[in-house]
Amino acid sequence: MSDDTKSERPSKSAASAMWGGRFAQGPAAVMEAINASINIDQRMAEEDIAGSLAHAAMLGATGVISSDDSATIQRGLEHVRDEIRAGELQWSPALEDVHMNIEARLKEVIGDAAGRLHTARSRNDQVATDFRLWLRSACDRIDVMLVDYQRALVAQAEEHVDQVMPGFTHLQTAQPVSLAHHLLSYVELAERDRGRFADARRRLNESPLGCAALAGTAFPIDRDMTSKSLGFDRPMGNSLDGVAARDFALEVLSAASICAVNLSRFADEIVLWCTRRFGFASLSDAWSTGSSIMPQKRNPDAAELVRAKPGRIIGSLTGLLTVMKGLPLAYSKDLQEDKAPTFQAIDDLELALLAMAGMAGDLTFNGAAMEAAAGEAYSDATDLADWVVRELDKPFRDAHHISGSIVKAAEDRNVTLSDLPLKVMQSVEPGIDERIFSVLSARASMESRTSYGGTSPVRVREQVAAWKLRLSAGES
């Protein structure tokens, strides 16, 4: 064999030294590249060490390893954790992943005792445990961010209870509403987002640690001990499910996708409201950008970028669904592709939440423009019909027809309903009298909607107070 041929043969790597007793040679370079995940999963280092600390303590407590080795391993893991927090650990792609990088460094720190840490566990249950711990923390962070977003919206709502604005259907002016009422609708959406993440967190909070490769272990381990130590509600009851399940990640990604869509809807309204065509609101320089060629431009780019985030986050959900579809039990290397899209989606969502909370608090509203728009397009036509029902005892369908005919008369004369002469209305319905004009304004329309959940300032103030109390008490 020539020297050139020999140089092409892959050498036995540090990674294969960890698992390569079965193999005479190390992996090819491309195999190392496709197999390595350290650039992705190193962000789970804290979770990996937490899991290993719990595992080492349990191994010592149950006598699977000596108490001396257990204590030495725990001290070593804490030392490695300190190095990671200080940014001193050099991550090696040759060691594949976060687990083997930490174990290799642990051996350098404490010697052969490090080899006992992996007793009664596999990387399969190890990574599943780390991933659940990481996502649990992500759910907690997102909940805090959602509350901050809600508080910013409620603060704006409290200042604008009496501000009338047009409510839309089909993006056409429909009925006048309170600006506060409109903002509180997004508080409600965010609360349901919080509920979805809380539900996902509750279901993922079971411990796979101790499921080992797929079948459990013959060592007398105490899975309840490690589960409790790591803050899980219980150990998972089926070892195959423990290592192979990723529906917990899918559920978090589903919650993230819905949350991103909800944020995007408000972001889109911010974009519209900040245009000169609407002129309802403006953002400060902190949340706006300019144009490289048009000096007059002021762009709500942060809102536009939040509006785009669902594309990436939904893509992450779709990608992981595709990985999982038809994947047989138990563990397959395909599951290594679970973390990159999940981490990316959570990063995107957290950034979007921070941006939306910032913009929600930063918005300045143009009350005059909103009120003028609220009175356009005969937005008080329903109030006219309601008055005919109440005062003339007409069926609503008849009143609807009467109101529509009066709107047509106003359109023909290019006037508002409040400026239409009474005699013209009476030519459509003789029973109408001058009292009708008391309901023909945007503000009167808004104030009349006093049903529970309606836009009347009386009801909206009640909702603002309820949300302030709820958010200050930390309720979900």
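The residues of the chain are indexed from 1 along the displayed sequence.
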### Message
Cation-pi check for F232 against R136: NZ or CZ below 6.0 Å from the six-membered ring centre and within 45 degrees of the axis, yes or no?
### Response
yes

## Note on the structure
Between the CE atom in M100 and the CD1 atom in I38, the distance rounded to the nearest 0.5 Å is 10.5 Å

### Lys/Arg N to Asp/Glu carboxylate O, K339 vs D41, below 4.0 Å
no

### Query
Could you go step by step and tell me if T455 and R459 meet the side chain to side chain contact (heavy atoms under 4.5 Å, CB included) rule?
CA-CA 7 Å; T455 193; R459 297 285 85 84; over 6 Å; no

### NZ/NE/NH1/NH2 to OD/OE distance under 4.0 Å, R196 and D193
yes

### Qualifying residues under side-chain contact (heavy atoms from CB on, under 4.5 Å), relative to E88, sequence neighbours excluded
E83, A86

## Note on the structure
Tightest non-hydrogen contact, residues A303 and V271, listed as CB-CG2, 3.8 Å

### Message
Does the plane of the ring in Y149 sit parallel, tilted or perpendicular to the ring in F266? Use 30° and 60° as the thresholds.
### Response
tilted

### Task
Give, for atom CG of L135 and atom CD of E251, the distance between the pair rounded to the nearest 0.5 Å.
11.0 Å

### Task
Could you tell me whether the side chains of S52 and R121 share a donor-acceptor contact shorter than 3.5 Å?
yes

### Query
Checking side chain to side chain contact (heavy atoms under 4.5 Å, CB included) for the pair K309/L263: CA distance, chi angles, key distance, verdict?
CA-CA 9 Å; K309 288 299 183 186; L263 295 176; over 6 Å; no

### Query
What orientation do F280 and W273 show, parallel under 30°, tilted 30 to 60°, or perpendicular over 60°?
tilted

### Task
May I ask you to test the W287-I270 pair for a side-chain heavy-atom distance under 4.5 Å?
no

### Query
Which pairs with one or both residues in residues 238-249 pass salt bridge (Lys or Arg N to Asp or Glu O under 4.0 Å), sequence neighbours excluded?
R246-D338

### Message
Counting C-beta onward and ignoring hydrogens, is there a side-chain heavy-atom pair between E96 and R123 closer than 4.5 Å?
### Response
yes

### Message
Is there a salt bridge (Lys or Arg N to Asp or Glu O under 4.0 Å) between E78 and R75? Walk through the geometry before answering.
### Response
CA-CA 5 Å; E78 290 166 353; R75 285 194 299 271; over 6 Å; no

### Salt bridge R461-D162, side-chain N to carboxylate O under 4.0 Å
yes

### Task
Please report the closest heavy-atom contact between A212 and D125, naming both atoms and the distance.
N-OD2, 3.0 Å

### Task
Determine, for R105 against E108, whether the closest basic-nitrogen to carboxylate-oxygen distance falls under 4.0 angstrom.
yes

## Note on the structure
When rounded to the nearest 0.5 Å, the distance separating CG of L253 from CD1 of I314 is 11.0 Å

### Query
Where the side chain of H55 meets the backbone of T119, is there a donor-acceptor pair that is under 3.5 Å apart?
yes

## Note on the structure
Taken in chain and number order and not counting sequence neighbours, the residues that satisfy ring pair (Phe, Tyr, Trp, His ring centres under 6.0 Å) with F219 are none

### Query
What side chain to side chain donor-acceptor pair (under 3.5 Å) pairs are there with at least one residue in residues 213-229, not counting sequence neighbours?
none

### Query
Below 4.5 Å, heavy atoms only, C-beta onward: do V164 and S178 meet side chain to side chain?
no

### Message
Considering only residues two or more places apart or on different chains, which pairs with a residue in residues 321-330 satisfy side chain to side chain donor-acceptor pair (under 3.5 Å)?
### Response
none

### Message
For the backbone of H99 and the side chain of D97, can you confirm whether one donor and one acceptor N or O come within less than 3.5 Å of each other?
### Response
yes

### Query
Looking only at atom types and distance, does a side-chain atom of S37 sit under 3.5 Å from a main-chain N or O of I40, one as donor and one as acceptor?
no

### Query
Would you say the side-chain atoms of D362 and S284 include a donor-acceptor pair closer than 3.5 Å?
yes

### Message
If you compare all heavy atoms of L77 against all heavy atoms of L106, which two are closest, and at what distance to 0.1 Å?
### Response
N-CD1, 3.5 Å

### Query
If you take all heavy atoms of L209 and T129, which pair is closest and at what distance?
N-OG1, 3.2 Å

### Task
Please report the shortest heavy-atom distance between A200 and V252, naming the atom on each side.
CB-CG2, 4.0 Å

### Query
Judged by atom type as modelled, is there a donor-acceptor pair below 3.5 Å linking the side chain of H181 to the main-chain atoms of V177?
no

### Message
Taking the side chain as everything from C-beta on, heavy atoms only, tell me whether F197 gets closer than 4.5 Å to L349.
### Response
yes

### Query
With side chains defined as the heavy atoms from C-beta onward, is the minimum distance between L335 and L327 less than 4.5 Å?
yes

### Query
Would M356 and M145 count as a side chain to side chain contact (heavy atoms under 4.5 Å, CB included) if you check the C-alpha gap in whole Å, the side-chain angles of each, and the deciding distance to 0.1 Å?
CA-CA 10 Å; M356 289 304 295; M145 292 178 179; over 6 Å; no

#### Entry: Heavy-atom side-chain contact between M370 and F365 under 4.5 Å
yes

### Query
With a 3.5 Å cut-off and no angle check, do the side chains of W134 and E47 form a donor-acceptor pair?
no

### L204 CG to L250 CG distance, which is reported to the nearest 0.5 Å
12.0 Å

#### Entry: Check: Q74 side chain, S70 main-chain N or O, donor-acceptor pair, under 3.5 Å
yes

### Query
Judged by atom type as modelled, is there a donor-acceptor pair below 3.5 Å linking the side chain of S239 to the main-chain atoms of C211?
no

### Candidate pair I84 and E46, rule side chain to side chain contact (heavy atoms under 4.5 Å, CB included), full reasoning
CA-CA 9 Å; I84 293 170; E46 288 278 345; 5.6 Å; no

### Query
Do E206 and R132 sit within salt-bridge range, that is, some charged N less than 4.0 Å from a carboxylate O?
no

### CZ (R116) with more than 12 external heavy atoms under 6.0 Å
no

Determine all donor-acceptor pairs shorter than 3.5 Å in which one atom belongs to a side chain in residues 183-190; sequence neighbours excluded.
unit_1 : atom_1 : unit_2 : atom_2 : d
S185   : OG     : H182   : O      : 2.5
Y186   : OH     : E269   : OE1    : 2.8
E188   : OE2    : W467   : NE1    : 3.4

### Task
Give a yes or no on this: more than 12 heavy atoms of other residues, nucleotides or ligands lie within 6.0 Å of atom CZ of R265.
no

### Task
Please confirm whether the backbone N or O of S92 pairs with a side-chain atom of N101, one donor and one acceptor, at under 3.5 Å?
yes

#### Entry: Side-chain touch L320/V323, heavy atoms, less than 4.5 angstrom
yes

### Query
Are S122 and Q126 linked by a side-chain donor-acceptor pair shorter than 3.5 Å?
no

### Spatial distance of atom CZ (R192) from atom CG (L146) [nearest 0.5 Å]
12.5 Å

### Task
Would you check if there is a donor-acceptor pair between the side chains of Q150 and E191 at a distance under 3.5 Å?
yes

### Message
How long is the straight-line distance from CD of Q42 back to CD1 of I102, given to the nearest 0.5 Å?
### Response
10.0 Å

### Message
What I'd like to find out is whether the side chain of V64 reaches to under 4.5 Å of the side chain of P220, using heavy atoms alone.
### Response
yes

### Summary
Looking only at heavy atoms, the pair that brings S264 and P310 closest together is CB-CG, 3.6 Å

